[in-house]
Each structure stands twice: as C-alpha cells, then as structure tokens.
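For reference, the structure discussed in these notes is given below.
Every chain is numbered from 1, with letters handed out A, B, ... down the list of sequences.
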Amino acid sequence: MNIIHPWPDSPEAAVTLQQQLRNQIRIQPLDRPAETIAGCDISFNKFEETVYAGIVVLRLDTLETIAEATAITTTSFPYVPGLLSFREIPALLEAWAKLTILPDVVVFDGHGIAHPRRLGIASHAGLLLDRPTLGCGKSVLVGRYEEPALERGSWSPMMHRGEVIGAALRTKNKVNPVYVSPGHLIDLQTGIDLMLRCDGGYRIPETTRRAHNLVNDVRRANL
DNA sequence: GCGACAG
DNA sequence: ATCTTGTCGC
C-alpha cells in the first residue's frame, strides 16, 4: 500500500499528519533477505534555501557502490525537532526518482519509530516509498537506554513510554554508539544486523558515510 | 514551570 | 546541518 498525501505547510499541520500516518507503519521481518542497501543524506548552507540530496546504493556482500543519484532543490520548511522529514524528504524523493536500481533497504540519517509520535524520517519515507526503511541517527531524539558494552556489536534497547523503539548500537570499539530504529517494513534485529554489516571501520555505517560525502561533493561543486 | 530537542 | 586547527587520548 503506497501512501500518498498532500504536503503540510505548517508545523501544526505536519504534526496532525504524523498522528494519522503512524497507524500505517508496519514493523516486521523483511519479506526476503536484503542484497542491496541504500544510504541517503542532504547537505545545505546554514541560512540558504538550496538543498543537495543524494542516495548511494551498495551491495551488502562487498559494500561496493553500484548506483548513485542526486538532486538539487529548495526547501522552505524549517528544521523543527520531530518534523525533520518534512524538510528533507521532498529533496530525497527527487533523487530517488533518478535511481536506476531499486535497493532492498533504505537507511536514513535520523530515526524511524524512535520518535515522539513514532514517525521519524525513516518511517515517513518508508510509507511514501513503500519500501523497507531504517533509521540510523548520531544522537537521540527521544528515549532512554543503558550504555551498551564497549565492544563493537553490543547494543542496548532504547525505551520510550514503555516501548522498545530502537537500539543504541556500538559500531566500533570504545566509540559512542549510533541509534538504530526500524522505519517501516523491517524489524529492529534485522536493522541492527544490517548496520553491522555496513562496517567500513568507522562509527558511521558506510551507507550514511557515502551519501554524506556525495552530497557534500555536489554542494561544493555548485559554489 | 523547566529542560530536552534527529539534521 | 555548517563554519574550521589544533589537540587530547588510545
């Protein structure tokens, strides 16, 4: 079921829409094993309207980049904690339309259901793309967790209002964890496994790292 | 009421 | 997020 909806023009309308969309989210195992995974990100200059979006698709077995797509647009929606998707998704959808390969899973730089209304950017995008999506953030929006062990691979659940919403995952020994949460059509354990497989020796998974490098290159090239 | 608050 | 060099620690 592909969800389509008009884009809200105010933070108030956006919150109302999130309340409506949260019921459509499905947290479940993948339909089939993932072979490809995509990372996406956007870049911009502090007080400017131009937004540079990019998506990079990797093969999970070799972490080889097999496809890339970018888009340059403008955004008027402000950054408001909890409403990040309304600012970033439009640009990402334009890049998505240019992709020649359909990735099995899409990873977002932010959260999935680890969100006050369980509709972070990964969950919202999952509904619009009708694809498995995962959130992998560098800091917490909501939820509490016990510090996971210091070894790469260890993790502890992120809790919010009595629910497990994600995991604080150590992707590198003795380095701060990243925060993984399912977006849509995937479950937490699968998400954790996938993020650990996207290891390039850095704290940030290769999906996000490559997408970040890509959009920054495009932005600097356009200066 | 006060503090927190993805990118 | 972005602007930026050196610097502390393993």
Practice problem: Please work out if His212(A) contacts a base, only the sugar-phosphate, or nothing of the nucleic acid, heavy-atom cut-off 4.0 Å. | Solution: sugar-phosphate

Separation of dA1(C) atom P from Arg220(A) atom CZ, nearest Å, is 12 Å

How about CD on Glu146(A), more than 12 heavy atoms from neighbouring residues, nucleotides or ligands closer than 6.0 Å, or not?
no

- prompt: Taking only side-chain nitrogens and oxygens of Ser43(A), does any of them come within less than 4.0 Å of OP1 or OP2 of dT2(C)?
  reply: yes

Quiz item: NA contact type, Leu83(A), heavy-atom cut-off 4.0 Å: base, sugar-phosphate, or nothing?
Solution: base

Heavy atoms under 4.0 Å, any strand shown: does Val142(A) hit a base, just sugar-phosphate, or nothing? nothing

**OP:** Report which part of the nucleic acid Gly82(A) touches: base, sugar-phosphate, or nothing (heavy-atom distance under 4.0 Å, all strands).
**Re:** base

- Item | Under 5.5 Å and under 30°: Tyr79(A) stacked on dG7(B) | yes

Should the heavy atoms of other residues, nucleotides or ligands under 6.0 Å from CG of Asn222(A) be counted, would the total exceed 12? yes

His124(A)/His5(A) aromatic ring centres below 6.0 Å: yes

What contact category does Gly137(A) fall into here, base, sugar-phosphate, or nothing, at under 4.0 angstrom with non-hydrogen atoms? sugar-phosphate

**No-hydrogen, no-angle side-chain donor-acceptor test under 3.5 Å, Arg210(A) and Thr65(A)** = yes

Just checking Ile42(A): base, sugar-phosphate only, or nothing, at a heavy-atom cut-off of under 4.0 Å? nothing

Do Ile113(A) and Leu119(A) touch side chain to side chain, with heavy atoms closer than 4.5 Å?
no

Closest to the side chain of Arg219(A), out of dC5(B), dT2(C), dA1(C), is dT2(C)

Side-chain N or O of Lys138(A) closer than 4.0 Å to phosphate OP1/OP2 of dG7(B) = yes

### Query
For dA6(B), does OP1 or OP2 lie under 4.0 Å from any side-chain N or O of Ser85(A)?
no

Enclosure of Gln19(A) CD (heavy-atom neighbours >12, cutoff 6.0 Å) = yes

Paired runs of 3 or more consecutive Watson-Crick or G-U pairs involving DNA chain B, with both pairing distances under 3.5 Å, are none

Is Asn216(A) near enough to dT2(C) that one of its side-chain N or O atoms lies under 4.0 angstrom from OP1 or OP2?
yes

Side-chain atoms of Asp41(A) come closest, of dA6(B), dT2(C), dG7(B), to dG7(B)

Sorted by position of nearest nucleotide on DNA chain C, 5' first, the leading residue of Glu88(A) and Lys174(A) is Glu88(A)

Check whether any side-chain heavy atom of Trp7(A) lies under 4.5 Å from a side-chain heavy atom of Ile89(A), and answer yes or no.
yes

Taken to the nearest whole Å, NZ/Lys172(A) to P/dC10(C) is 15 Å

